[in-house]
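In what follows, a structure is listed as structure tokens, so that the remarks can point back to it.
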Amino acid sequence: MKKEDIKAVINEAKTDINSLDLESFRVKYIGRKGLISDFFSEFKNLSIEDKKELGPILNEAKTELNDLYIKAKESCTKDKKDFFDYTLKGNKIEVGSLNPATIVLRELCSVFKELGFQIIEGPEIENEYYNFDALNIPKDHPARDLWDTFWFPDNLKLIGEKDKGRCLLRTHTSPVQMRFMEKNLPPFNVIVPGRTFRYEATDARHEFQFHQLEGLMVSENINLSNFKIIIKEAMQKIFKGTRKMRFLPSYFPFVSPGLQVDIECFKCRGKDKKCPLCSGSGWIEVLGAGMVHPKLFEIAGYPKGKYQGFAFGIGVERFAMVKYLIDDTRLFNSTDLRFLKQFK
Ligand code: FA5
């Protein structure tokens, strides 16, 4: 043990008092097994001359470090009663991560906002009228079977809408089309992000609860090319040209003509007849769309023949699957942290 060793420890302590928490400082320097105590153990074996020289230095060092500790401790005591040790490290707060469906839903909203669309919302508990009748899907029409439905008991009705039929969990975001058109005259471009529910068996591409993003653009002189340009632009912004897509004819009672958009299957690229995502077709359906059926404009009370428009309904989880190469839609609601933590 030399003079220099003791000095070095004092210097180190002067730095540590500002960076260590109080208790760690005490243990390291002035505790029973601390550095000062080590020096005193060594001290016993020193020669008489060394003891004479180093004794006072060691005692001074001990007092200095004790003082440092006491002063720091006092600064944590506001009114001598409450001791609040602000030098202690806080508990680390686990920051959660967003569900990939939420990430894609938000991304879709900002892409369509940039393209001039306004975000609106509608109720998740709907009634028969907006979910079906107002969308040109009459009662007892086989098209209703396209949307297997969670129904509420007959006697439950939405307040103020008692004459609009039985309540249900909306099977798609399309009912918001009529809710909006009833109150607004064109021109308008709106999107409707939201949860949708279907009473159906689940598999790798079907969940009973998922999200859609509805789009509706109505004005004079709108045609299918406007839809194609908008949707291609949105796809470009989201997939940056990395995914192949195609337009196909399809049927929905509230549009004419109707179409769907598919994206190439990333799992098998059409090579596996048993592929759970595309059944070997090589394509995954991601959205339904079409030109708004004139019947809807009539129901909304618009002048006959004056307006045209297109509508689309994007499957948000399907977009997320294609974007992040997720091969089972049930993972989104699985609450499996190993899955969720990958999307910080
Ligand atoms: C509809 O729901 C129409 N409302 C879409 C529409 C809107 C057509 C406006 C025309 C005009 P569809 O049932 O095909 O259509 O659903 C739309 C998209 O939601 C599908 O392309 C798919 O991406 C997604 N989807 C449908 N069912 C499920 C499900 N069970 N699980 C996960 N995603 C689904």
Side-chain angles (χ1 to χ4, degrees), residues 99-101 104-105 108 112 117 122 126 130-132 134-137 143-150 168-181 189-218 222 224 227 230-231 235 238 243 245-263 265 276-278 281 283-293 295-297 308-323 326-334:
N99 190 295
V104 168
L105 190 62
L108 280 164
F112 280 103
F117 285 75
E126 257 303 351
Y130 289 109
N131 200 81
F132 293 122
L135 291 172
N136 196 28
I137 316 171
R144 280 205 185 195
D145 299 341
L146 290 174
W147 292 277
D148 299 303
T149 310
F150 286 109
L168 48 86
L169 289 176
R170 67 175 172 195
T171 58
H172 48 178
T173 40
S174 297
V176 191
Q177 286 187 30
M178 189 53 72
R179 285 190 177 273
F180 185 79
M181 289 202 287
N189 319 320
V190 290
I191 49 167
V192 190
R195 268 200 303 179
T196 49
F197 310 84
R198 292 196 192 171
Y199 184 53
E200 63 184 20
T202 62
D203 60 28
R205 58 191 158 175
H206 294 96
E207 251 295 16
F208 55 80
Q209 181 194 300
F210 56 102
H211 294 81
Q212 287 191 342
L213 183 108
E214 191 82 7
L216 179 66
M217 177 184 262
V218 182
I222 295 273
L224 219 45
F227 164 70
I230 291 277
I231 221 67
M235 295 273 207
I238 287 171
R243 301 288 184 276
M245 61 183 272
R246 69 174 185 181
F247 292 89
L248 276 190
S250 185
Y251 170 74
F252 302 96
F254 35 95
V255 289
S256 179
L259 43 107
Q260 70 183 55
V261 175
D262 296 350
I263 294 186
C265 177
L277 291 187
C278 73
S281 72
W283 296 93
I284 301 170
E285 183 199 327
V286 293
L287 68 90
M291 295 302 290
V292 179
H293 198 291
K295 183 87 190 169
L296 268 69
F297 292 145
Q308 305 81 44
F310 64 76
F312 57 86
I314 292 177
V316 176
E317 279 77 359
R318 297 267 176 97
F319 257 54
M321 288 169 83
V322 173
K323 178 161 181 162
I326 297 166
D327 64 3
D328 195 322
T329 200
R330 289 166 293 195
L331 283 166
F332 292 96
N333 292 342
S334 66

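Heavy-atom basis, side chains included; hydrogens, waters and symmetry copies ignored. One-based numbering, in listed order, for ligands and for the atoms of each.
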Which residue owns the protein heavy atom closest to [atom], what's the atom, and how far is it?
atom	value
atom 24 (C) of ligand 1	Gly315 CA, 3.6 Å
atom 6 (C) of ligand 1	Gly288 O, 3.5 Å
atom 22 (C) of ligand 1	Arg318 NH1, 3.4 Å
atom 19 (O) of ligand 1	Gln212 NE2, 3.3 Å
atom 29 (C) of ligand 1	Phe210 CE2, 3.4 Å
atom 15 (O) of ligand 1	Phe252 CE2, 3.3 Å

Proximal atoms of ligand 1 relative to [X] (non-hydrogen, under 4.0 Å):
X	result
Arg205	31 (N), 32 (C)
Trp147	1 (C), 2 (O), 13 (O)
Leu287	21 (O)
Val255	10 (C), 11 (C)
Glu200	29 (C), 30 (N)

- Item | Arg170, His172, His206, Arg198: member with heavy atom nearest to atom 26 (C) of ligand 1 | Arg198
- Task: Describe, in one word, how the ring planes of Trp147 and Phe132 are oriented to each other, choosing from parallel (under 30°), tilted (30 to 60°) and perpendicular (over 60°).
- Result: tilted
- Message: Rounded to the nearest 0.5 Å, what separates atom CZ in Arg330 from atom CG in Asp203?
- Response: 6.0 Å
- So, do Tyr199 and Phe150 have ring centers that fall under 6.0 Å from each other? yes
- Item | Centroid-centroid distance, Phe312 to Phe252, less than 6.0 Å | no
- Can a salt bridge be assigned to the pair Asp148 and Arg198 using a cut-off of 4.0 Å between side-chain N and carboxylate O? no
- Decide, yes or no, whether a salt bridge links Glu126 with Arg179 under the criterion of side-chain N to carboxylate O below 4.0 Å. yes
Which bit of [X] gets closer than 4.0 Å to ligand 1, counting heavy atoms only: side chain, backbone, both or neither?
X	answer
Glu317	neither
Phe208	neither
Glu285	both
Ser174	side chain

- Query: So does Phe247 have more than 12 non-hydrogen atoms from other groups sitting under 6.0 Å from CZ?
  - Reply: yes
Do [X] and [Y] come within less than 4.5 Å of each other through their side chains, counting heavy atoms only?
X	Y	value
Leu216	Phe117	no
Phe254	His172	yes
Leu213	Leu105	yes

- Note on the structure: Between Val322 and Ile284 the two heavy atoms that sit nearest each other are CG2-CD1, 4.5 Å
- Do you know the tightest heavy-atom contact between Ile230 and Met217? CD1-CE, 4.3 Å
- Is the backbone of Leu287 close enough, under 3.5 Å, to the side chain of Arg318 for a donor and an acceptor to pair up by distance? no
Heteroatom proximity flag, [X] to ligand 1, N/O under 3.5 Å:
X	answer
Glu207	yes
Phe254	no
Gln177	no
Val286	yes
Glu214	no

